[in-house]
Amino acid sequence: MAANSLDRAKQAVRTQVWDALTTADAVYDASVYGRIPHFKGAEQAAARLAALPAWRRASFVKAVPDKAQLPVRARALEEGKTVYMAVPKLATLKPFYLLDPAALTVSPFEAASPRTAAAIAPTVEVDDLRPLDLIILGSVAVNPNGARIGKGAGYSDIEFALLTEAGLVTPETVVITTVHPLQVIESPIPTTEHDVGVDLIVTPDGTITCPTPHRPAGVDWSALTTEKIAAIPALMARHTS
(Lines give C-alpha, C1' and ligand atoms only; values in the text may rest on other atoms or scores of the structure.)
Protein backbone atom coordinates (compact mmCIF):
# COMPACT_ATOMS: atom_id res chain seq x y z
CA MET A 1 0.00 0.00 0.00
CA ALA A 2 1.41 3.42 -0.94
CA ALA A 3 2.28 5.75 1.92
CA ASN A 4 -0.56 8.20 1.26
CA SER A 5 -3.09 5.37 0.93
CA LEU A 6 -1.80 3.81 4.15
CA ASP A 7 -2.09 7.11 6.00
CA ARG A 8 -5.67 7.54 4.78
CA ALA A 9 -6.54 3.98 5.80
CA LYS A 10 -5.10 4.51 9.28
CA GLN A 11 -6.96 7.79 9.66
CA ALA A 12 -10.21 6.11 8.66
CA VAL A 13 -9.74 3.58 11.47
CA ARG A 14 -8.96 6.35 13.96
CA THR A 15 -12.07 8.28 12.93
CA GLN A 16 -14.21 5.14 13.24
CA VAL A 17 -13.02 4.63 16.82
CA TRP A 18 -13.23 8.30 17.82
CA ASP A 19 -16.80 8.40 16.45
CA ALA A 20 -17.77 5.27 18.40
CA LEU A 21 -16.29 6.57 21.66
CA THR A 22 -17.98 9.95 21.23
CA THR A 23 -21.37 8.40 20.46
CA ALA A 24 -21.10 6.16 23.53
CA ASP A 25 -19.93 9.01 25.81
CA ALA A 26 -17.02 6.75 26.70
CA VAL A 27 -14.28 9.38 27.17
CA TYR A 28 -13.46 12.27 29.48
CA ASP A 29 -12.06 14.42 26.66
CA ALA A 30 -14.17 17.39 25.52
CA SER A 31 -13.16 16.23 22.04
CA VAL A 32 -11.39 12.93 21.53
CA TYR A 33 -10.47 13.61 17.91
CA GLY A 34 -6.72 13.80 17.38
CA ARG A 35 -5.99 12.30 20.80
CA ILE A 36 -5.14 9.09 22.56
CA PRO A 37 -8.55 8.61 24.20
CA HIS A 38 -8.82 9.32 27.92
CA PHE A 39 -11.38 6.57 28.25
CA LYS A 40 -13.83 6.00 31.07
CA GLY A 41 -12.76 2.90 32.97
CA ALA A 42 -9.03 3.62 32.77
CA GLU A 43 -8.68 3.01 36.52
CA GLN A 44 -10.41 -0.37 36.23
CA ALA A 45 -8.15 -1.32 33.33
CA ALA A 46 -5.10 -0.38 35.42
CA ALA A 47 -6.37 -2.56 38.27
CA ARG A 48 -6.90 -5.49 35.90
CA LEU A 49 -3.39 -4.99 34.50
CA ALA A 50 -1.93 -4.97 38.01
CA ALA A 51 -3.32 -8.46 38.64
CA LEU A 52 -1.43 -10.01 35.72
CA PRO A 53 1.69 -12.14 36.33
CA ALA A 54 3.71 -10.02 33.87
CA TRP A 55 2.95 -6.93 35.95
CA ARG A 56 3.76 -8.57 39.27
CA ARG A 57 7.16 -9.70 37.94
CA ALA A 58 8.06 -6.28 36.53
CA SER A 59 10.53 -3.88 38.12
CA PHE A 60 11.24 -1.49 35.22
CA VAL A 61 8.38 -0.02 33.21
CA LYS A 62 8.38 2.38 30.26
CA ALA A 63 5.02 4.11 30.00
CA VAL A 64 3.47 6.70 27.71
CA PRO A 65 2.55 10.07 29.28
CA ASP A 66 -1.10 10.00 28.13
CA LYS A 67 -3.94 10.66 30.59
CA ALA A 68 -5.52 7.25 30.01
CA GLN A 69 -2.37 5.57 31.34
CA LEU A 70 -1.96 7.84 34.41
CA PRO A 71 -3.52 5.19 36.70
CA VAL A 72 -1.03 2.63 35.36
CA ARG A 73 1.97 4.88 36.01
CA ALA A 74 0.73 5.82 39.48
CA ARG A 75 0.09 2.19 40.38
CA ALA A 76 3.55 1.18 39.20
CA LEU A 77 5.16 3.82 41.44
CA GLU A 78 2.94 2.84 44.39
CA GLU A 79 4.17 -0.74 44.00
CA GLY A 80 7.83 0.24 43.92
CA LYS A 81 8.43 -0.08 40.19
CA THR A 82 10.77 2.30 38.38
CA VAL A 83 8.94 4.19 35.63
CA TYR A 84 10.45 5.81 32.56
CA MET A 85 8.29 8.34 30.71
CA ALA A 86 9.20 10.16 27.52
CA VAL A 87 10.01 13.86 27.41
CA PRO A 88 7.45 15.58 25.11
CA LYS A 89 8.34 14.91 21.47
CA LEU A 90 11.64 13.33 22.63
CA ALA A 91 12.98 16.85 22.26
CA THR A 92 16.09 16.54 24.47
CA LEU A 93 19.23 14.43 24.28
CA LYS A 94 18.09 12.86 27.56
CA PRO A 95 14.61 11.95 26.32
CA PHE A 96 13.17 10.06 29.31
CA TYR A 97 12.09 11.12 32.78
CA LEU A 98 13.29 8.74 35.48
CA LEU A 99 10.64 8.23 38.15
CA ASP A 100 12.32 6.35 40.98
CA PRO A 101 9.72 5.42 43.63
CA ALA A 102 12.39 5.56 46.34
CA ALA A 103 13.22 9.16 45.51
CA LEU A 104 9.77 10.70 45.16
CA THR A 105 9.02 13.90 47.08
CA VAL A 106 5.32 13.87 46.11
CA SER A 107 2.64 11.19 45.96
CA PRO A 108 2.88 8.52 43.22
CA PHE A 109 -0.25 9.92 41.57
CA GLU A 110 1.23 13.41 41.45
CA ALA A 111 4.61 12.13 40.24
CA ALA A 112 2.93 10.20 37.43
CA SER A 113 1.56 13.43 35.96
CA PRO A 114 3.69 14.69 33.04
CA ARG A 115 3.63 18.24 34.41
CA THR A 116 4.92 17.16 37.83
CA ALA A 117 7.40 14.69 36.36
CA ALA A 118 8.87 17.52 34.30
CA ALA A 119 9.40 19.52 37.49
CA ILE A 120 10.80 16.84 39.81
CA ALA A 121 12.25 13.96 37.77
CA PRO A 122 15.77 13.80 36.34
CA THR A 123 16.08 13.07 32.64
CA VAL A 124 18.24 10.25 31.34
CA GLU A 125 19.75 9.21 28.02
CA VAL A 126 18.53 6.09 26.24
CA ASP A 127 21.60 4.09 27.26
CA ASP A 128 21.02 4.93 30.94
CA LEU A 129 17.75 3.02 31.14
CA ARG A 130 17.61 -0.46 32.62
CA PRO A 131 16.33 -3.37 30.49
CA LEU A 132 12.56 -3.06 30.36
CA ASP A 133 10.15 -5.58 31.80
CA LEU A 134 7.02 -3.84 30.55
CA ILE A 135 6.23 -1.23 27.91
CA ILE A 136 2.84 0.45 28.32
CA LEU A 137 1.40 2.05 25.18
CA GLY A 138 -1.60 4.24 24.58
CA SER A 139 -3.64 3.47 21.47
CA VAL A 140 -6.44 4.84 19.39
CA ALA A 141 -7.27 1.41 17.98
CA VAL A 142 -6.00 -2.13 18.43
CA ASN A 143 -7.09 -5.54 17.21
CA PRO A 144 -6.79 -9.01 18.75
CA ASN A 145 -3.76 -9.80 16.58
CA GLY A 146 -1.87 -7.05 18.41
CA ALA A 147 -1.81 -4.50 15.59
CA ARG A 148 -2.29 -0.97 16.96
CA ILE A 149 -2.27 2.61 15.86
CA GLY A 150 -1.82 5.75 17.89
CA LYS A 151 -2.83 9.29 17.01
CA GLY A 152 -0.31 9.47 14.18
CA ALA A 153 2.69 11.35 15.62
CA GLY A 154 4.83 8.19 15.68
CA TYR A 155 6.74 8.89 18.88
CA SER A 156 5.89 5.59 20.60
CA ASP A 157 7.28 3.69 17.62
CA ILE A 158 10.46 5.79 17.60
CA GLU A 159 10.94 5.25 21.35
CA PHE A 160 10.52 1.52 20.88
CA ALA A 161 13.03 1.48 18.03
CA LEU A 162 15.61 3.44 20.01
CA LEU A 163 15.19 1.20 23.04
CA THR A 164 15.42 -1.92 20.89
CA GLU A 165 18.67 -0.78 19.29
CA ALA A 166 20.04 -0.06 22.75
CA GLY A 167 19.29 -3.64 23.83
CA LEU A 168 16.70 -2.52 26.40
CA VAL A 169 13.78 -4.29 24.74
CA THR A 170 14.38 -8.02 25.04
CA PRO A 171 12.32 -11.08 24.06
CA GLU A 172 11.08 -11.06 27.68
CA THR A 173 9.79 -7.46 27.49
CA VAL A 174 5.98 -7.47 27.47
CA VAL A 175 4.22 -4.76 25.45
CA ILE A 176 0.76 -3.82 26.73
CA THR A 177 -1.93 -1.29 25.86
CA THR A 178 -4.85 -0.27 28.06
CA VAL A 179 -7.98 0.76 26.14
CA HIS A 180 -11.75 0.99 26.20
CA PRO A 181 -13.53 -2.04 24.68
CA LEU A 182 -14.72 0.16 21.80
CA GLN A 183 -11.08 0.69 20.83
CA VAL A 184 -10.67 -3.04 20.18
CA ILE A 185 -11.76 -3.69 16.60
CA GLU A 186 -12.01 -7.00 14.77
CA SER A 187 -11.12 -5.66 11.34
CA PRO A 188 -7.52 -5.50 10.07
CA ILE A 189 -5.47 -2.46 11.06
CA PRO A 190 -3.12 -1.14 8.37
CA THR A 191 0.45 -1.12 9.65
CA THR A 192 4.02 -0.66 8.43
CA GLU A 193 7.31 -2.32 9.34
CA HIS A 194 8.05 0.26 12.05
CA ASP A 195 4.66 -0.01 13.79
CA VAL A 196 4.86 -1.71 17.20
CA GLY A 197 2.42 -4.49 18.03
CA VAL A 198 1.26 -5.40 21.53
CA ASP A 199 1.40 -8.67 23.45
CA LEU A 200 -1.58 -7.91 25.68
CA ILE A 201 -4.66 -5.70 25.43
CA VAL A 202 -6.22 -4.79 28.76
CA THR A 203 -9.68 -3.23 29.02
CA PRO A 204 -11.82 -2.60 32.12
CA ASP A 205 -13.65 -5.84 31.28
CA GLY A 206 -10.97 -8.28 30.17
CA THR A 207 -7.53 -9.16 28.85
CA ILE A 208 -6.68 -10.28 25.32
CA THR A 209 -3.48 -12.17 24.59
CA CYS A 210 -2.24 -11.39 21.07
CA PRO A 211 -0.69 -14.39 19.27
CA THR A 212 2.07 -12.94 17.07
CA PRO A 213 2.51 -9.18 17.56
CA HIS A 214 4.98 -7.43 15.28
CA ARG A 215 8.17 -6.04 16.80
CA PRO A 216 10.44 -3.76 14.75
CA ALA A 217 14.11 -4.76 14.87
CA GLY A 218 15.29 -1.18 15.33
CA VAL A 219 15.10 2.26 13.77
CA ASP A 220 13.71 2.26 10.22
CA TRP A 221 15.75 5.18 8.96
CA SER A 222 14.11 5.02 5.53
CA ALA A 223 10.76 5.90 7.14
CA LEU A 224 12.11 9.05 8.82
CA THR A 225 12.49 12.43 7.19
CA THR A 226 15.62 14.52 7.68
CA GLU A 227 13.48 17.02 9.60
CA LYS A 228 12.17 14.32 11.97
CA ILE A 229 15.67 13.03 12.70
CA ALA A 230 16.96 16.55 13.31
CA ALA A 231 14.09 17.27 15.72
CA ILE A 232 14.93 14.30 17.97
CA PRO A 233 18.44 14.62 19.42
CA ALA A 234 18.67 10.96 20.47
CA LEU A 235 17.92 9.94 16.88
CA MET A 236 20.38 12.44 15.48
CA ALA A 237 23.13 11.17 17.80
CA ARG A 238 22.65 7.60 16.54
CA HIS A 239 22.29 8.67 12.93
CA THR A 240 25.63 10.51 12.94
CA SER A 241 27.62 8.12 15.14
Side-chain angles (χ1 to χ4, degrees), residues 13-58 61-81 83-86 99 101 107-114 117 132-152 156 160 173-189 195-211 213:
V13 172
R14 293 185 188 104
T15 300
Q16 169 194 330
V17 170
W18 288 329
D19 286 348
L21 291 168
T22 300
T23 300
D25 189 28
V27 291
Y28 294 110
D29 308 277
S31 172
V32 74
Y33 295 90
R35 301 174 183 271
I36 298 294
H38 184 198
F39 63 93
K40 295 179 180 179
E43 296 83 0
Q44 290 89 337
R48 182 174 291 277
L49 169 57
L52 298 178
W55 174 273
R56 292 199 296 267
R57 291 193 299 266
V61 178
K62 205 286 292 181
V64 291
D66 299 291
K67 288 182 179 178
Q69 284 70 45
L70 174 59
V72 176
R73 299 191 300 272
R75 190 149 192 150
L77 292 171
E78 286 171 358
E79 296 184 16
K81 304 180 192 299
V83 175
Y84 301 105
M85 184 167 57
L99 292 167
S107 72
F109 188 85
E110 289 177 274
S113 158
L132 298 167
D133 301 307
L134 293 183
I135 293 178
I136 309 297
L137 298 180
S139 303
V140 173
V142 63
N143 71 18
N145 290 327
R148 67 165 285 281
I149 49 175
K151 62 186 179 183
S156 286
F160 189 94
T173 304
V174 181
V175 184
I176 300 173
T177 191
T178 55
V179 293
H180 190 277
L182 289 173
Q183 294 174 255
V184 183
I185 64 174
E186 295 298 329
S187 54
I189 290 179
D195 288 322
V196 179
V198 300
D199 298 296
L200 294 171
I201 302 166
V202 182
T203 76
D205 306 321
T207 302
I208 300 169
T209 300
C210 307

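None of the values given here were measured: they were computed from a predicted structure.
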| query | Step by step, would you call Arg148 with Ile189 a side-chain contact (heavy atoms from CB on, under 4.5 Å)? | reply | CA-CA 7 Å; Arg148 67 165 285 281; Ile189 290 179; 5.7 Å; no
| field | Side chain proximity check, Ile149 to Arg14, heavy atoms < 4.5 angstrom | value | yes
| request: Give a yes or no answer on whether the side chain of Arg73 reaches the backbone of Ala111 with a donor-acceptor pair at less than 3.5 Å. | output: no
| said: For Gln183, give me all partners under side-chain hydrogen bond (donor to acceptor under 3.5 Å, both in side chains), at least two apart in sequence or on another chain. | reply: none
| query | What residue among Leu52, Thr177, Val175 forms side chain to side chain contact (heavy atoms under 4.5 Å, CB included) with Leu200? | reply | Leu52
| Can you find a heavy atom in the side chain of Trp55 that is under 4.5 Å from one in the side chain of Ile176? | no
| request: Before giving the answer on side-chain contact (heavy atoms from CB on, under 4.5 Å), spell out for Leu70 and Phe109 the whole-Å C-alpha distance, their side-chain angles and the decisive distance to 0.1 Å. | output: CA-CA 8 Å; Leu70 174 59; Phe109 188 85; 3.5 Å; yes
| task | List for me each residue that meets salt bridge (Lys or Arg N to Asp or Glu O under 4.0 Å) alongside Glu110, sequence neighbours excluded, and say none if there are none. | result | none
| remark: CZ of Arg35 to CG of Leu21, rounded to nearest 0.5 Å, is 13.0 Å
| Taking only residues two or more places apart in sequence or in another chain, which ones pass salt bridge (Lys or Arg N to Asp or Glu O under 4.0 Å) with Asp199? | Arg215
| query | Considering all heavy atoms of both residues, which atom of Leu134 and which atom of Ala54 are nearest to each other, and what is their separation? | reply | CD2-O, 3.9 Å
| query | Is there side-chain contact between Ile201 and Cys210, with heavy atoms separated by less than 4.5 Å? | reply | yes
| Residues that Thr207 engages under side-chain hydrogen bond (donor to acceptor under 3.5 Å, both in side chains), provided they are two or more places apart | none
| request: Take Met85 and Leu99 through the test side-chain contact (heavy atoms from CB on, under 4.5 Å) and record every step on the way to the result. | output: CA-CA 8 Å; Met85 184 167 57; Leu99 292 167; 4.1 Å; yes
| said: To check you understand the geometry: which heavy-atom pair defines the closest contact between Ser156 and Val64, and what is its length? | reply: OG-CG1, 3.7 Å
| query | Nearest 0.5 Å, what's the CZ-CD distance between Arg75 and Gln69? | reply | 15.0 Å
| Distance in Å, His38 NE2 paired with His180 NE2, rounded so as to fall on 0.5 Å steps | 12.0 Å
| request: Mark yes when over 12 heavy atoms from residues, nucleotides or ligands other than Lys151 sit less than 6.0 Å from its NZ; otherwise mark no. | output: no
| task | Determine the minimum heavy-atom distance between Val61 and Leu132, stating which atoms define it. | result | C-CD2, 4.3 Å
| With sequence neighbours excluded, residues passing side-chain hydrogen bond (donor to acceptor under 3.5 Å, both in side chains) with Tyr33 | Asp19
| message | Nearest 0.5 angstrom please: Asp66 CG to Phe39 CZ, how far? | response | 10.5 Å
| Heavy-atom closest contact (Ala45 atom, Thr178 atom, distance) | CB-CB, 4.3 Å
| task | Could you check if a side-chain atom of Leu49 sits within less than 4.5 angstrom of a side-chain atom of Ile136, using non-hydrogen atoms only? | result | yes
| message | Within this structure, what is the CG-CZ distance for the pair Asp205 and Arg48, rounded to the nearest 0.5 Å? | response | 7.0 Å
| Electrostatic pair Asp29:Lys67 at N-O distance under 4.0 angstrom | no
| task | Please identify each residue that fulfils side-chain hydrogen bond (donor to acceptor under 3.5 Å, both in side chains) with Trp18, with sequence neighbours left out. | result | none
| field | Contact summary for Pro37 and Ala68, nearest pair of heavy atoms | value | O-CB, 3.2 Å
| query | If you look at every heavy atom in Pro204 and Lys40, which pair is closest and at what distance? | reply | CG-O, 4.4 Å
